[in-house]
Structure formats: C-alpha cells, structure tokens
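For reference, the structure is listed below as structure tokens.
Small disclaimer: the values here were computed from a predicted structure and weren't measured.
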Amino acid sequence: MDFENKAKNPALNNSERKFKGIMQRSRITEEDLEQFRQQIIATHKKKHYRVLLISAILFICLILLVALLKF
C-alpha cells in the first residue's frame with residue numbers, strides 16, 4: 001500500500017494525520033517537535049502499562065499454579 005492510499009484510509013490514526021499535515025508545511029516548528037515528543041511519551045506510557053498489566057496477570061497465574069500444585 002503506497003502513501004497516497006494510506007492517507008485516504010479512514011482507519012489512519014490521529015498522530016499519522018498530524019504528521020502528514022506538518023510535513024506538508026515548509027518548516028517544522030519547535031511547537032511541532034514538542035507535540036511529537038509528547039505523543040511519543042504518551043504512546044510509550046500506554047505500551048508500558050500494557051506490559052506491566054500482562055506481566056502482573058502472568059505472575060498471578062504462575063503463583064496460583066504453584067499453589068495448586070503444592071496442595
């Protein structure tokens with residue numbers, strides 16, 4: 001899928017649309033760079049929370065499995 005078709009895709013996420021809009025301008029401002037940084041930080045936090053949640057669930061399952069095997 002080329003960039004033209006991807007841009008027309010309604011499922012395209014908001015950050016990609018913003019990026020495309022910024023890249024159409026002649027210059028990237030400090031404000032644009034700060035927005036990119038904030039979006040990256042927010043995305044990483046979401047991923048870290050997911051990993052933490054999955055790790056916690058797996059750890060709890062492992063404890064339950066060990067507890068069941070002991071008794």
Side-chain angles (χ1 to χ4, degrees):
M1 180 183 299
D2 62 8
F3 186 73
E4 302 289 329
N5 291 334
K6 190 174 181 183
K8 294 176 185 176
N9 185 355
L12 195 62
N13 70 20
N14 194 22
S15 63
E16 288 184 42
R17 278 192 220 118
K18 286 182 181 178
F19 180 75
K20 183 181 177 219
I22 289 170
M23 293 309 292
Q24 287 178 345
R25 290 190 252 159
S26 61
R27 295 184 183 197
I28 296 176
T29 65
E30 290 294 323
E31 182 180 319
D32 295 332
L33 293 175
E34 183 63 25
Q35 285 178 353
F36 282 145
R37 191 176 78 73
Q38 292 299 326
Q39 288 174 357
I40 290 169
I41 290 170
T43 303
H44 282 234
K45 281 184 180 181
K46 286 180 186 177
K47 287 181 182 179
H48 287 290
Y49 287 134
R50 287 183 197 147
V51 169
L52 181 63
L53 180 64
I54 291 170
S55 299
I57 290 170
L58 289 174
F59 186 70
I60 291 169
C61 290
L62 181 64
I63 290 174
L64 291 173
L65 182 64
V66 169
L68 288 173
L69 291 176
K70 281 189 177 184
F71 294 112

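- The number of heavy-atom neighbours closer than 6.0 Å to CD of E31, taken from other residues, nucleotides and ligands shown, is 12 or below.
- Atom CD of E30 has 12 or fewer neighbouring heavy atoms from other residues, nucleotides or ligands inside a 6.0 Å radius.
- To the nearest 0.5 Å, the span separating CD1 on I41 from NE2 on H44 amounts to 9.0 Å.
- One side chain, E34 or Q38, offers a donor N or O that lies under 3.5 Å from an acceptor on the other.
- A distance of 12.0 Å separates CD1 in I63 from CG in L68, rounded to the nearest 0.5 Å.
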Before giving the answer on side-chain contact (heavy atoms from CB on, under 4.5 Å), spell out for Q35 and D32 the whole-Å C-alpha distance, their side-chain angles and the decisive distance to 0.1 Å. CA-CA 5 Å; Q35 285 178 353; D32 295 332; 4.1 Å; yes
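- Side-chain contact check for L65 versus C61: every heavy-atom pair is 4.5 Å or farther apart.
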